[in-house]
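Here the structure is laid out as C-alpha cells; the discussion comes afterwards.
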Amino acid sequence: MANLKGFVNETLVYGFGNVFSRIFAMFLIPLYAKYLGKIDYSNLVMLQTVFSVLTFLTALNAGVFFYYYEYDNLRYRKIVLTSWFYYQLVVSFSVLIILLFSSQFLYKLFIVDSTNADSLKLCLVLIGVQLFPYIFNNTNLNFFRIERKAKSAVTIVLLEACFTLILVALVLVVFKLGIVEVVIAQIISRLLVSIIYANKAKTYVYIKNFSKALLKKIFIYAWPFILASIFSMIIANADKFIGAQVLPQKEDVALLALAMQLALPISILSNMISMALGPFIMSFRKDENAENTYQQVFDLTIFAGCIVAVGIIAIAPFLTLILTNYSFINVVYVIPLIALASAFNLASNQFFVSFSLCKKTIYILYGFIIGGILGLLINFLFMGNYGFIVSGISQIFSYLAMAVFSFVLGRKIANLKIKLNNSFFLISILILYIILIYFLNPYVVNGNYYFFVGVSILFGLILVTIYIKQHKLNLKYIVKSIVKRKEKK
C-alpha cells in the first residue's frame with residue numbers, strides 16, 4: 001500500500017500540472033475558433049499533430065528510464081542523459097532539413113484553399129524549428145521524472161502552457177495575425193522555458209559524456225516505443241487528415257479537432273499516469289509485493305478512466321457552447337465514443353508494461369501497429385459515407401484490439417497476471433451509460449439538459465459505489481482521515 005500511495009502522490013502532482021496546462025490550452029480554443037475560423041483552426045490542430053509525431057522520433061524515454069536505473073552511479077547516469085540528448089539533437093537537424101524540402105508536397109495533407117498554401121508550407125518548416133527548444137525542455141522534464149521530482153517536471157509543463165497562452169493571445173487578439181504567427185509564438189514559448197532552465201542543461205550537454213555503445217543499447221530497447229507512439233498518434237489523429245480529404249463538408253474536421261480537445265481530461269489522466277508509471281514501475285519491480293501493487297494500480301487506473309469518461313461526456317455540451325458556438329454542438333455525438341475508446345487505451349497501456357519488464361518491447365509495437373492499421377482502414381472505408389462519427393468508432397475498435405492483443409499475449413509470454421473481473425464490470429457500466437446517452441443526445445442538441453445531467457450524476461455515483469465495494473474501502477475512515485489531516489494543518 002505504501003508503494004501505491006507513492007504512485008498516487010506522484011500521479012496527483014503530474015495531474016495537477018497537466019490540468020492547469022490543459023486549462024490554458026482550453027482558453028486557446030475560443031481564440032482559435034473566433035480569430036482563425038474553422039479551416040485554420042483545423043489546420044493548426046493538424047500541424048500540432050505533425051509536431052507531436054516528430055517529437056516521437058526523439059523519444060528514447062523508455063530506454064533512458066531502464067538504463068538510468070540499471071546502475072547506481074552518478075557518472076553513468078550523466079552518460080545516459082548526454083547520449084540521449086545528442087541523439088535528439090541529430091534527429092532534430094535531420095527533420096528540419098527534410099521539412100525544408102518536403103513542405104512543398106506535405107502541405108496538401110491539410111485543408112488547402114486559395115489563400116493558405118504558402119502559410120502551410122512555412123508552418124511545416126517552423127514546426128521543425130520548434131524541435132530545438134523542445135528537446136532541451138523534454139530532456140529537463142524527463143530528468144526530473146527519472147529523479148522522481150514530479151513538482152519540478154510539472155513546473156516546466158506549466159511554464160510552457162502559460163507562455164503559450166499569453167503569446168498566442170497577443171498574436172490573435174492584439175495584433176490580429178494568423179496561423180504562421182501562432183506557430184512562431186509556440187516556438188518562442190518553448191525557447192523562454194529552455195532559457196530559464198539553461199543551468200540544468202549542464203548535466204547533459206558535455207559531449208565528453210556521450211557514449212555510442214550505450215546509445216545503441218538505449219535505442220535497441222526503445223525503438224519499438226518510437227514507432228508505437230507514432231501509430232498511437234495515427235489512431236487518435238489520422239481521422240482529421242482523412243476527413244480533410246474525404247468529408248463532403250470540410251468544416252466537419254473542426255468538429256473532430258474540437259472533440260479531441262474536449263477529451264483532454266482523459267488525455268490528462270492517461271498522460272499523468274504514464275508520466276508516473278514508467279519510473280514508478282522500474283523503481284519497485286524487484287519488490288516482493290510488486291505484483292499486488294501493480295494490480296492495485298491497474299484497478300485504480302480503470303476506475304479513474306471510467307469516472308473521467310463520464311465527466312467528459314457530461315460537460316461536453318456545456319464546454320462546446322462556452323468555448324465555441326452552437327455550430328459545433330454536434331460534437332456531442334462523437335465525444336462518448338472517444339471517451340470509451342480512451343478507457344480501452346488506458347487498459348492496453350497497463351498491459352504493455354509487462355513487455356517492458358521482460359525486455360520484449362517489440363510486442364508493444366505490434367499492438368500499436370494492429371490498432372493503427374485498423375483505425376486507418378475504418379476511417380478510409382467509412383468516413384466519407386457515414387461522416388465524422390466514424391472517428392470515434394475507429395478509435396474504439398483500435399484500442400479494443402490493442403487491449404485484447406496485449407492482454408492475451410502478455411499472459412502467454414510476459415508473465416502478465418492482472419485480473420480483469422473488477423475492471424470489466426466497471427467498463428460494462430460505462431458502456432451502458434454511453435448507450436443511454438445516445439438516446440438523450442437529440443434532446444441535448446435542442447437544449448434540454450436536465451435528464452442528461454441527472455443520468456450522468458447517477459452513473460458516476462454507481463461507479464464510485466462499485467469501486468468502493470470491490471476494494472472493501474471504508475468510506476467513513478477515509479473521510480475521517482482527510483478531516484484529521486486538515487485539522488493538523
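Keep in mind it's a predicted model, so treat the numbers as computed, not measured.
- For Y363 and F352, the ring centers are positioned 6.0 Å apart or more.
- Between F298 and F351, the distance from one ring center to the other falls under 6.0 angstrom.
- For the pair E160 (side chain) and V157 (backbone), a donor-acceptor distance under 3.5 Å is absent.
- L463 approaches L426 most closely through the heavy-atom pair CD2-O, 3.7 Å.
- Checked options W84, Y221, F219, F225; the residue passing with F66 is Y221 (criterion: ring-ring contact (aromatic ring centres under 6.0 Å, His included)).
- L458 pairs by the side-chain contact (heavy atoms from CB on, under 4.5 Å) definition with I462, not counting sequence neighbours.
- Aromatic rings from F388 and Y333 are positioned such that their centres are separated by 6.0 Å or more.
- Aromatic ring orientation, F143 versus Y68: perpendicular (interplanar angle above 60°, classes split at 30° and 60°).
- Judged by distance alone, the side chain of Y326 and the main-chain N or O of V445 form a donor-acceptor pair under 3.5 Å.
- Of the possible donor and acceptor atoms, none in the side chain of S354 sits under 3.5 Å from a partner among the backbone N and O of G410.
- Ring geometry, Y467 versus H471: the interplanar angle falls from 30° to 60°, so the pair is classed tilted.
- Distance SG/C162 to CG/L159: 7.0 Å, rounded to 0.5 Å.
- Listed by chain and residue number, V331, V334, I335, I338 satisfy the side-chain contact (heavy atoms from CB on, under 4.5 Å) test with A259 (two or more places apart in sequence, or in another chain).
- In terms of modelled atom types and a separation under 3.5 Å, the side chain of N116 and the main chain of D113 share a donor-acceptor contact.
- More than 12 heavy atoms of other residues, nucleotides or ligands lie within 6.0 Å of CZ in F318, so this atom counts as buried by the packing criterion.
- Qualifying side-chain contact (heavy atoms from CB on, under 4.5 Å) partners for S102, counting only residues two or more places apart in sequence or in other chains: I98, L99, L106.
- Between the side chain of S398 and the backbone N or O of G371 there is at least one donor-acceptor pair closer than 3.5 Å.
- Aromatic ring orientation, F51 versus Y134: perpendicular (interplanar angle above 60°, classes split at 30° and 60°).
- The number of heavy atoms from other shown groups lying within 6.0 Å of CZ (F56) is above 12.
- Scanning all heavy atoms of the two residues, the minimum distance from I111 to A244 falls at CG1-CB, 3.6 Å.
- A side-chain contact (heavy atoms from CB on, under 4.5 Å) with L262 holds for exactly one of L319, I312, V332; it is L319.
- For the pair N379 (side chain) and S394 (backbone), a donor-acceptor distance under 3.5 Å is absent.
- Separation of the F110 and F241 ring centroids falls under the 6.0 Å cut-off.
- For T55 (side chain) and S52 (main-chain N/O), a donor-acceptor pair under 3.5 Å exists by modelled atom type.
- Around CZ of F439, the count of heavy atoms belonging to other residues, nucleotides or ligands within 6.0 Å does not exceed 12.
- A cation-pi arrangement is present between K38 and F328, with the terminal nitrogen or guanidinium carbon under 6.0 Å from the aromatic centre and inside a 45° cone about the axis.
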